[in-house]
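Notes to accompany the following structure.
Numbering of residues begins at 1 and proceeds along the displayed sequence. No experiment lies behind these values; they were computed from the predicted model shown. Ligands are counted one by one from 1 in listed order, and the atoms in each one are counted from 1 as well.
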Amino acid sequence: MPSPRDTQPVRVRFAPSPTGLLHLGGARTAMYNFLLARQTGGQFILRFEDTDQKRYDPAAEQDLIDGLHWLGLRWDEGPDIGGQHAPYRQSERKDVYKPFAAQLLESGHAFYCFCTRAELEAKRQEQKARREQARYAGPCRDLSPEAAIARVAAGEDHVIRFKMPKEGSITVTDRLRGDITFENRNLDDYVIVKSDGLPVYHLAAMVDDHLMGITHVFRGEEWIPTFPLHVHIYRAFGWQEPEWVHLSLFLKPSGKGKMSKRDTQAMQLTGQTIFIKDMQALGYLPEAVLNWVALMGWSYDDSTEFFTLDDLVQKFSLDRLNPSNAAIDFRKFDHFNGLHIRALAPEELARRILPFFEQAGIPASLEALTRIAPLIRERMVTLDEAPEWTAFFFKDSVEPDPASLVAKDLNPAQSLAALQQAVARLEALPEWTHEAMEPPLRALVEELGLKAGQLFGILRSAIAAQPVSPPLFESMAILGREVSLARLRRALALLEQQVK
Ligand code: GLU
């Protein structure tokens, strides 16, 4: 059911834990947030949820920021740019959470727990033996507040747990799945503040979402099991809940099971990746990443497949999100990359491929690449292919394999004769353009009773000296008369050696 809150200016957030690199799932969550914010004239917030210091990866924050920038998903408030609710890094908000934990203790929705790891483990074993659901079964839940406060004051190690009702049920509402009812007896007295005084996600995220005025929470389906706890927390405070949107998960390309770390590593060996940073290095366009991932969990009309970010801002809607898990399909990724490459103007494509030339040590100018771009645009799948296809443009000379100059079904002498005539006709051309070259060479093919592929194959090999290359006449036009003819003459010499 649509909510009137979907069309008023929303406040949404992407709240990654900086524990690893930005991946596809994160990019999709960030994008859906961004789309709704831009569509409604609302705000998109970046927040780092770094309360789990054990899993903190110092490289992750910068990678998340760089990845989102590369995708073109800008935020209005965040750890790097500040905002009215700064700081946006949970580890810097420790003092913000304290009064809220205190409030839950005070109202009887939470309790101090002094149980040691060993005690908890013993209880767990007992429950297991009785085939009972594992949940907190220690004595602290029933301690008097005075006794608990005295032990805290005496410096005893403790955590704070949410006091889950033991009876009754709670019905929560997810935008993709509707109402879901949970029996409270199946829920736990979850830890909400750890012994180091830092709240866990369950408390910190709820407090932050409330304080930051978050209207819609987009997060992964893995949060559904603790979703009732989150709603219990909202209700304990008497706050208005956000719209909850639990996004489907991504499955392995085979469709069998969720992606694991091992799958990710195996994929990388085959040049497939779920990490945004690697996609950039592999020659994918941010436009293609967005288009591909947008459709993994959302559709517009089941037939439109090409979307720019602006299109998505216009067309995105919560009601067309799909709760079923989607397998990651890398062939589609290539397909979308091709579509978006072909949608780029030549100068823009040149700008995007330039870094790959620099990396390959090929001295290509933006101007030259702009002329070359239309020749390769139609067949390109990833940007990193460009240097390999077009390296011959930037060499002083090329050295074709002599055997490649002998056309199929011709011998070296016949190939030589054909090439000599072709060179003669090209030399006679008053102007060196694609349009001027093609008719006389096609006429020559006819006269010699050859197939076009035979003559043009020789020329292509002479000009580019590589197995795949862009269209011949356009390539010769870009290379220019002098360079092209020099290469053709070199090929003549190589053929002559084979005839002697
Ligand atoms: N820090 C949580 C995560 O990375 C965020 C979940 C949420 O968006 O609420 O999974």
Looking only at distances, please establish whether an N/O atom of ligand 1 is found under 3.5 Å from an N/O atom of R219.
no

Output yes when the distance from some N or O of ligand 1 to some N or O of S17 is under 3.5 Å, and no in every other case.
yes

At less than 4.0 angstrom from any non-hydrogen atom of [X], what atoms of ligand 1 do you find?
X    : value
F218 : 8 (O)
E49  : 1 (N), 2 (C), 5 (C)
R13  : 7 (C), 8 (O), 9 (O)

Does a salt bridge link D302 with R320, judged by any charged N lying under 4.0 Å from a carboxylate O?
yes

Determine, using heavy atoms of A205 and all atoms of ligand 1, whether some pair is separated by less than 4.0 Å.
no

Does W223 have a heavy atom less than 4.0 Å from any atom of ligand 1?
yes

Please check if any side-chain donor atom of D179 sits under 3.5 Å from a side-chain acceptor atom of T173, or the reverse.
yes

Residues W239 and D209: side-chain donor-acceptor under 3.5 angstrom
no

Classify the angle between the aromatic ring planes of [X] and [Y] as parallel (below 30°), tilted (30 to 60°) or perpendicular (above 60°).
X    : Y    : value
F330 : W292 : tilted
H230 : W223 : tilted
H340 : F306 : parallel

Which residue and heavy atom of the protein sit nearest atom 9 (O) of ligand 1, plus the separation
Y201 OH, 2.4 Å

the protein heavy atom lying closest to atom 5 (C) of ligand 1 turns out to be A15 O, 3.1 Å

Distance from T40 atom OG1 to F316 atom CZ, nearest 0.5 Å?
11.0 Å

